[in-house]
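These notes concern the structure reproduced below.
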Protein chains: 2
Amino acid sequence: MPDDRLYQLHAGICQTLANPKRLEIIDHLRGGELGVTQLAEAMNIGQANLSQHLALMREKGIVLARREGVNVFYRLSNPKIIQACDLMRQVLLEHLEKGAELAGSYRK
Amino acid sequence: MPDDRLYQLHAGICQTLANPKRLEIIDHLRGGELGVTQLAEAMNIGQANLSQHLALMREKGIVLARREGVNVFYRLSNPKIIQACDLMRQVLLEHLEKGAELAGSYRK
DNA sequence: TAATAATATTAGAATATCCTTATATAATTA
DNA sequence: TAATTATATAAGGATATTCTAATATTATTA
């Protein structure tokens, strides 16, 4: 596989995490699987929109779905996703602590 | 800080990683700081475009810049960025190994 | 089989991202 | 100060994402 293609796929994974609602979905799924209805109730989000986010996350391999009768339950596909999210959140928080007001300028 | 705002900022960090060129920049900076010219040469990318990517990464606290005379050297701001990238790459690779051709469908 | 509940998909407008070209700024040297 | 080199910023078209509203599908039960 050419490097270019790998970077593209890798960017695709990151892109999938690059949305506040999808990050919230991930947080809700930390404790184990949840049904779509439960998620929708927990999340203040429209049904169609939630379904779209979940479809995207399924395609990128972030979540797995399991149908049980009329309900569909989603879970995280890999615990490393939580680790990666936590690390990025730490990067964010450390950046905020260091004084984000300086961000974008050269630090003297 | 409200949760919403945190998710938004977190998504901003992910968004910054959600681009093949920026991931390549991160890879090039793994070994330590590099000048813009060196980066541009290593990367098959236009000068203006590289500068824009670096500006974005600076704003989000991913990289830090240091000017030395007429040159500007960039480095990663936090080793956790590398860890997070590596984890996401692992998630990607494991997903590919498991047969991405099934992706998007319910696994039976 | 018809009705219902749960979930998924489609269409399309609003917004954001990306790259290229042109221009601006900053530091150095003649 | 003028010219040069390195880097940054701005403008704008092409493309991608996001959300809402409407419709389709899937499974269950009457």
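Small disclaimer: the values here were computed from a predicted structure and weren't measured.
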### Query
Atom NZ of B/K60 to atom P of C/dA16: distance rounded to whole Å?
12 Å
### Task
Using atom CG of B/N71 as one end and atom P of D/dT4 as the other, report the distance to the nearest whole Å.
19 Å
## Note on the structure
Rounded to the nearest 0.5 angstrom, the CG-CD distance for A/L64 and A/E33 is 10.5 Å
### Task
Answer whether the closest heavy-atom distance between the side chains of A/H10 and B/C85 falls below 4.5 Å.
yes
### Summary
Assign each of A/L50 and B/Q15 the nucleotide of DNA chain C bearing its closest heavy atom; nearer the 5' end lies the nucleotide of A/L50
### Query
Do B/K21 and B/N49 come close enough that some side-chain heavy atom pair is under 4.5 Å?
yes
### Summary
Contact string for nucleotides 19-30 of chain C, one letter per nucleotide 5' to 3', B = base within protein heavy-atom range under 4.0 Å, S = sugar-phosphate only, - = neither, reads BBBB----SS--
### Summary
Here the distance between atom C1' of D/dA27 and atom CZ of A/F73, to the nearest Å, is 14 Å
### Separation of atom CG in A/L23 from atom P in D/dT18, rounded to whole Å
11 Å
### Task
Round to a whole Å and report the spacing from CE of B/M57 to C1' of C/dT17.
16 Å
### Message
Without decimals, in angstroms, what is the distance between B/Q8 CD and C/dA16 C1'?
### Response
13 Å
### Contact under 4.0 Å: A/Y74 side-chain N or O vs C/dA6 OP1/OP2
no
### Distance, nearest 0.5 Å, that separates CD1 of B/I82 from CZ of B/R89
10.5 Å
### Message
To the closest 0.5 Å, what do you measure between CG (A/L87) and CD1 (B/I13)?
### Response
12.0 Å
## Note on the structure
When rounded to the nearest 0.5 Å, the distance separating OG1 of B/T16 from CD1 of B/I25 is 11.0 Å
### Task
Provide, to the nearest angstrom, the distance between the CZ atom belonging to A/R66 and the C1' atom belonging to C/dT7.
15 Å
